Engineer: 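Please read through the structure below; I'll follow up with questions.
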2 protein chains.
Amino acid sequence: MPGAKGEALITATPPGPGGRSTSAMDAKAGANLLFLREEEMRRAQDLLFFAYRDFTNAADEVLHELGLGRAHHRALHFIGRNPGITVSDLLGLLRITKQSLARVLNVLIAREYVTQAPGRADRRQRLLNLTPEGQGLERRLFDRQRERLAAAYREAGSGAVEGFRRVMRGIMDESARLYIDRSESSAGERRTQRA
Amino acid sequence: MPGAKGEALITATPPGPGGRSTSAMDAKAGANLLFLREEEMRRAQDLLFFAYRDFTNAADEVLHELGLGRAHHRALHFIGRNPGITVSDLLGLLRITKQSLARVLNVLIAREYVTQAPGRADRRQRLLNLTPEGQGLERRLFDRQRERLAAAYREAGSGAVEGFRRVMRGIMDESARLYIDRSESSAGERRTQRA
DNA sequence: GCAGTTACGGCAGCTACATTGACGTATCTT
DNA sequence: AAGATACGTCAATGTAGCTGCCGTAACTGC
C-alpha cells in the first residue's frame, strides 16, 4: 500500500547535465530578482497547503471515530470561541450557506454538544453555546492540533510567531482581520457567556 | 443578501457589568500564563482557517468560469512546480487516492493542460508536465493569489516572512518538510523539464 | 396597527471532491 | 517464471458545499 508514511515524496531531481549555465547567469539580474520573488510566492503556496492539510488532519482521527466531519469541528471551534454567537454571525465567519450550517448544527444540537437559546434583546435569534460535553469534545480536538502547534512555536521562537501572525493576518480578508483584531483585544475576558 | 462584504461579523461583546474582576486577578498567575498560551494556540487556529479560506478563495472565480475546482488547481500547481512528476509522487503530495486524482487529471489531460509521457528509465511511469496552456492557466490562477500574498509580505516585512515560513514549516508533517527543504535548495535550477 | 424587514428553519435537488475495494495490464525485478 | 510495482478503471458511497424556494416568528418604522 503506497503512501504509508515517511515515503520519498519526489524522486530526487538531478541537477541535469547542463548544471548552472554560467553563461546566462549574469545576463539579467533584474529578471532574476523577479524570479526569486515569484519563487518565494510559490513557496508560500506550498507552505499554506501543507500546513493547513496537516493541521486539520491532526483532529481527523477523533472526528472520524465519532462520525463527525471537519465542518462540525469548525462550528464547535467558533461557537466555543464566541459563546452566545448568533446563527448569522456564525454563518459570516464560516462563509457557508444557512443550509450547510443547518446540517452540521442539527447534528451538534441533537448530540447535545451545542445548545440554542432565544436572544434576550431579540428573541428571533438563537444564541449558540457549547454544553460541557461540547467543550470537552472541542478540547479533545484542540489538543491534537495544539501539540503540533506548540512544537512549531517552540522550534520557531517567539519572534517567528509574531511574524507568522503578521503574515497570516495580511493574507486574509478585511472582515476576517477585523474579527481577529477584535478577539485579540478582548483576550482576558472571554469567560463571559451570553445566555 | 447577507455576507456581501464588510459586514459586521460579530456583534460586539460587551465587557459585561462585572468588568475585570480585580479580586480574582492575582489569584493564580501560573494558571493565567497557561491560559494565555492556550489563547495563543486558539488564535492560531483562527489564523489558519481565515488565511487558508481567503487565499484559496482568491483563485475560485477563475476556476469557476472554466468549470474547474480547487482540486484541479492543486494538481496544476504541483505539476507546475515539479515538471515530470510521476503519478504516485503527486499522490503522495496531495494525499488523496488514485481515483480522486484520476478524475481531475483526466480532465486536465483532456483539455490539454497536462501531458503524460512514459518514463525513460521506467516505462510504467507516466511523467506529468504542463502544456503551455497549462502554464498559462496556472499563472492566471497564481496571479490572483500572488497579489494577496505580495500585499501581506509587504505589510509584514521580510523578518516576519521568515518567521512565517519557520512556523508553517513546523506545523506540517515530516514528509512535507522534506519536500519543502528539497525545493528550497534547488531554487535556481527549476527550469529543467523532464520529458 | 399594518407593512416591510430580519432571523431563522426546512425542503428538494444539485455539484465537487473525496473515500473503499476490486480488478486489469504493462513493466520491472529477481 | 514469479512476484512486485506503476498505473488505470469500475462501482458504490459519503461529506460538504451549493441554489432556489417557502414558511414563521419577531422586530422596526411610519
Side-chain angles (χ1 to χ4, degrees), chain A residues 1-4 7-11 49 53 56-57 59-61 63-64 66-75 84-110 114 116-128, chain B residues 1-4 7-11 49 53 56-57 59-61 63-76 84-110 114 116-128:
Chain A
M1 192 181 290
E7 74 285 13
L9 288 173
I10 298 286
T11 325
F49 174 73
R53 181 195 69 177
T56 53
N57 234 313
D60 280 352
E61 199 184 336
L63 288 169
H64 188 76
L66 291 172
L68 299 174
R70 291 181 185 172
H72 301 94
H73 186 190
R74 288 194 286 272
I85 190 175
T86 65
V87 172
S88 65
D89 282 344
L90 186 52
L91 285 174
L93 287 177
L94 296 172
R95 296 261 185 97
I96 57 177
T97 58
K98 219 177 8 168
Q99 292 72 12
S100 297
L101 178 58
R103 198 177 17 209
V104 299
L105 218 44
N106 285 336
V107 171
L108 293 177
I109 290 167
V114 170
Q116 283 178 320
R120 280 175 312 201
D122 185 339
R123 286 185 319 193
R124 291 171 305 178
Q125 297 176 334
R126 304 293 170 100
L127 307 187
L128 304 171
Chain B
M1 190 181 292
E7 74 284 14
L9 288 172
I10 298 287
T11 325
F49 173 73
R53 182 195 67 177
T56 54
N57 233 312
D60 280 353
E61 198 184 336
L63 288 169
H64 188 76
E65 78 186 30
L66 291 171
L68 300 174
R70 291 180 186 172
H72 301 95
H73 187 189
R74 288 194 288 271
L76 279 175
I85 189 175
T86 66
V87 172
S88 66
D89 281 344
L90 185 53
L91 284 174
L93 286 178
L94 295 172
R95 296 262 184 96
I96 57 176
T97 58
K98 220 179 1 169
Q99 292 72 12
S100 296
L101 178 58
R103 193 175 19 186
V104 298
L105 218 43
N106 285 335
V107 170
L108 293 176
I109 290 167
V114 170
Q116 283 179 318
R120 279 175 314 204
D122 184 339
R123 286 183 320 192
R124 290 171 304 179
Q125 298 177 331
R126 304 291 170 98
L127 307 186
L128 304 172

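So you know, we letter chains A, B, ... as the sequences are listed, proteins then strands, and number each from 1. No experiment lies behind these values; they were computed from the predicted model shown.
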Engineer: Just N and O in the side chain of B/Ser100: are any of them under 4.0 Å from OP1 or OP2 of C/dT19?
Structural biologist: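 For C/dT19, OP1 or OP2 has a side-chain N or O of B/Ser100 closer than 4.0 Å.
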Engineer: Figure out the CG/P separation between A/Leu94 and D/dC18, and round it to whole Å.
Structural biologist: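 Distance check: A/Leu94 CG to D/dC18 P gives 10 Å.
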Engineer: Give the rounded distance in Å between these two atoms: NZ of B/Lys98 and C1' of C/dG24.
Structural biologist: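 Nearest whole value for this atom pair: 10 Å.
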Engineer: Looking across every strand, which nucleic acid part, if any, lies under 4.0 Å from B/Arg70 by heavy atom: base, sugar-phosphate, or nothing?
Structural biologist: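 Sugar-phosphate contact only - B/Arg70 comes under 4.0 Å of backbone atoms but never of a base.
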Engineer: Which angle, to the nearest 10 degrees, lies between the helix axes at the two ends of the helix from C/dG1-D/dC30 to C/dT30-D/dA1, each defined by five pairs?
Structural biologist: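 Axis angle across the helix from C/dG1-D/dC30 to C/dT30-D/dA1, nearest 10°: 30°.
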Engineer: When you check the phosphate oxygens OP1 and OP2 of C/dC8, does a side-chain N or O of A/Ser88 lie under 4.0 Å from one of them?
Structural biologist: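 Affirmative; the distance criterion is met.
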Engineer: Does B/His64 reach a base, just sugar-phosphate, or nothing at all? Heavy atoms under 4.0 Å.
Structural biologist: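 The residue B/His64 makes no contact with any strand.
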Engineer: Given atom CG of A/Leu90 and atom P of C/dG9, what is their separation to the nearest angstrom?
Structural biologist: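 Rounded to the whole Å, the gap is 11 Å.
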Engineer: Would the base of D/dG17 count as contacting A/Arg103 through its side chain, where contact means a donor and an acceptor less than 3.5 Å apart?
Structural biologist: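 Looking at the base of D/dG17, it does pair with a donor or acceptor on the side chain of A/Arg103 (distance under 3.5 Å).
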Engineer: From CZ of A/Arg123 over to P of C/dG9, roughly how many Å is that when rounded to an integer?
Structural biologist: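 Between P of C/dG9 and CZ of A/Arg123: 16 Å.
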Engineer: Can you say whether a donor on the side chain of B/Gln99 sits under 3.5 Å from an acceptor on the base of C/dT19, or the other way round?
Structural biologist: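 Not at all, since no donor on one side and acceptor on the other fall under 3.5 Å apart.
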Engineer: Under 4.0 Å: is that the gap between some side-chain N or O of B/Arg126 and OP1 or OP2 of D/dT5?
Structural biologist: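 No, no such contact exists.
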Engineer: Distance check needed: D/dA16 P versus A/His73 NE2, whole Å only.
Structural biologist: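 Going from NE2 in A/His73 over to P in D/dA16 covers 13 Å.
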Engineer: Between P on D/dG17 and CZ on B/Arg53, what's the gap in Å once rounded to a whole number?
Structural biologist: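 Those two atoms, CZ and P, are 12 Å apart.
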Engineer: Take the protein atom CZ of A/Arg124 and the nucleotide atom P of D/dA26, then report the distance between them rounded to whole Å.
Structural biologist: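 Roughly 10 Å, once rounded to whole Å.
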Engineer: If I take atom CG in residue A/Leu63 and atom P in nucleotide D/dT15, what distance separates them, rounded to the nearest angstrom?
Structural biologist: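 Atom-to-atom, A/Leu63 to D/dT15, this comes out as 12 Å.
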